[in-house]
Amino acid sequence: MDMPLDRLFHMQNLIIRGGYVLSPLEIKRVMGRDLRDFLKGLIPERLEFMITGGGGEDIIHVIVPSRKEDALVLMGLSITLLRLYCSEMSEEGYRIDCLLPSFYSSLQQEERVDRLYRIDLGESIREIPSSMIKSWVKPLVGDGSVYILISSFLSLTVFENLGGIRVYTSSGGLGIPPAGDITRVLLDIALKNLFDSQFPKRFPGIAFHRFVNEVYIFIRKNEKVLFDDKTGYALLEELGLRGKIEFIGPGDDPLPP
């Protein structure tokens, strides 16, 4: 992303003073067959984006910062948070996917199990109150400019340009705006405080590993407590989370595509 140095310095000063204002996120509808070409043109200008299902089988929603300056700020924000709370991040790493190799390694180290479950908690980005997320982030960053920027991000609206008319939607204080790595980092922090802290209390002795929204649960014979999809969904409801629980049988690919 090319940007004049004076513009970068101006943005930095605004952030330090707590005066940088993020613009709403924008939804762009893209036909599935055109997605690759669309992203080739998008990525040089906006490094942060999220892809979601659209209004039909062939339509995909790509959610992006409406200004390229915001994309740069959100990327810097995600790197800052990641380095503050994730001690295992290497010096060269700057994206949350840099943690995938260690996650896969932890899965491979598990001994033979009798049952394996996978939980996809991706839907939880729309359910976790922003006030809770801010309470978990504040001890990491303090109450200064970074915290102000995160609070601003959590209150962002999303708009779609429909025939020249901007239609806005608001989260109403729930969830994390879908904007790329910063969304995944904040979700990871939230699930560490919600899911990771509560699962061992409900299911002591049962091994699990989580990477952002993907959780793998390893069930062995003679477990002292029962875990299945019914008890799993009950835990998610209790924690205010949403997700899909799948049993992975022999011969199934345990890792998502």
Side-chain angles (χ1 to χ4, degrees), residues 15 18 20-25 48 50 52 63 65 70 73-89 95-97 99 103 118-158 168-204 208-217 227 231-245:
I15 292 170
Y20 188 92
V21 179
L22 293 166
S23 296
L25 301 171
E48 297 294 323
M50 286 197 87
T52 67
I63 304 173
D70 287 357
V73 169
L74 292 178
M75 181 178 178
L77 194 58
S78 69
I79 295 170
T80 299
L81 273 177
L82 197 56
R83 292 207 167 275
L84 284 172
Y85 95 96
C86 188
S87 58
E88 63 266 32
M89 175 64 71
R95 308 292 271 180
I96 198 166
D97 281 348
L99 298 173
F103 171 70
R118 179 172 60 213
I119 307 179
D120 182 357
L121 295 172
E123 294 181 15
S124 294
I125 68 167
R126 298 190 293 268
E127 303 296 324
I128 305 170
S130 58
S131 59
M132 294 179 68
I133 297 170
K134 287 188 282 188
S135 73
W136 295 320
V137 167
K138 195 171 185 178
L140 296 172
V141 302
D143 58 0
S145 58
V146 175
Y147 178 76
I148 292 172
L149 199 56
I150 293 170
S151 298
S152 173
F153 170 71
L154 289 171
S155 63
L156 282 184
T157 56
V158 181
Y168 289 84
T169 57
S170 172
S171 64
L174 277 180
I176 308 170
D181 234 38
I182 181 61
T183 301
R184 301 173 73 209
V185 171
L186 287 172
L187 178 61
D188 195 50
I189 292 172
L191 292 178
K192 182 177 181 179
N193 285 274
L194 275 174
F195 187 89
D196 295 4
S197 66
Q198 295 303 313
F199 186 90
K201 297 177 183 178
R202 179 64 64 86
F203 304 101
F208 76 97
H209 297 278
R210 181 183 60 79
F211 178 74
V212 191
N213 58 293
E214 293 281 345
V215 185
Y216 291 85
I217 298 170
F227 178 89
T231 58
Y233 280 119
L235 176 64
L236 297 187
E237 183 176 0
E238 179 183 324
L239 299 178
L241 300 173
R242 290 183 60 187
K244 181 180 179 183
I245 301 176

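- In this structure the side chain of L99 reaches within 4.5 angstrom of the side chain of C86, judged on heavy atoms.
- Rounding to the nearest 0.5 Å gives a distance of 10.0 Å between CZ of R184 and CG of L82.
- The side-chain heavy atoms of R126 and P178, taken from C-beta on, include no pair separated by under 4.5 Å.
- For the atom pair CD1 of I189 and NZ of K192, the computed distance is 8.5 Å after rounding to the nearest 0.5 Å.
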**OP:** Report the C-alpha separation of W136 and I128 in whole Å, then their side-chain angles, then the decisive distance to 0.1 Å, and conclude whether the side chain to side chain contact (heavy atoms under 4.5 Å, CB included) test is met.
**Re:** CA-CA 12 Å; W136 295 320; I128 305 170; 4.1 Å; yes

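- Closest non-hydrogen pair, V73 versus L149, comes out as CG1-CD2, 3.5 Å.
- Here the side chains of V215 and I245 are not in contact, with every heavy-atom distance at 4.5 Å or above.
- Taking each heavy atom of S145 and G18 in turn, the nearest pair found is CB-N, 4.3 Å.
- Taking the side chain as every heavy atom from C-beta outward, L174 and S130 never approach each other to under 4.5 Å.
- Atoms CG and OG, on L187 and S124 in that order, are 7.0 Å from each other to the nearest 0.5 Å.
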**OP:** Go through the steps for D181 and M75 under the test side chain to side chain contact (heavy atoms under 4.5 Å, CB included), then give the verdict.
**Re:** CA-CA 7 Å; D181 234 38; M75 181 178 178; over 6 Å; no

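- D196 has its side chain within reach of R210: a pair of non-hydrogen atoms, C-beta onward, lies under 4.5 Å apart.
- Contact annotation: the side chain of K244 never approaches that of E123 to less than 4.5 Å [non-hydrogen atoms, C-beta and beyond].
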**OP:** Determine, stepwise, if the pair L81 / I150 fulfils side chain to side chain contact (heavy atoms under 4.5 Å, CB included).
**Re:** CA-CA 10 Å; L81 273 177; I150 293 170; 3.9 Å; yes

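- Test L74, I63, I176 against T183 for side chain to side chain contact (heavy atoms under 4.5 Å, CB included) and you get one pass: I176.
- Atom CD1 of I119 sits about 5.5 Å away from atom CG of L236, to the nearest 0.5 Å.
- Scored by the side-chain hydrogen bond (donor to acceptor under 3.5 Å, both in side chains) test, S23 finds R67 as partners (sequence neighbours excluded).
- Here R202 contributes atom CZ and T231 contributes atom OG1; the two are 8.5 Å apart, rounded to the nearest 0.5 Å.
- Between F211 and D97, some side-chain heavy-atom pair lies under the 4.5 Å cut-off.
- For an aromatic pair to be called close, the ring centres must be under 6.0 Å apart, and F195 with F208 satisfies this.
- Ring geometry for F227 against F203 counts as perpendicular: the plane angle is over 60°, on a 0 to 90° scale with 30° as the lower cut.
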Subject >> Y20 and D70: CA distance, side-chain angles, deciding distance, side chain to side chain contact (heavy atoms under 4.5 Å, CB included) verdict >> reply: CA-CA 9 Å; Y20 188 92; D70 287 357; 2.6 Å; yes

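- Between T157 and T169 the shortest side-chain heavy-atom distance does not fall below 4.5 Å.
- Atoms NE2 and CD, on H209 and E214 in that order, are 14.5 Å from each other to the nearest 0.5 Å.
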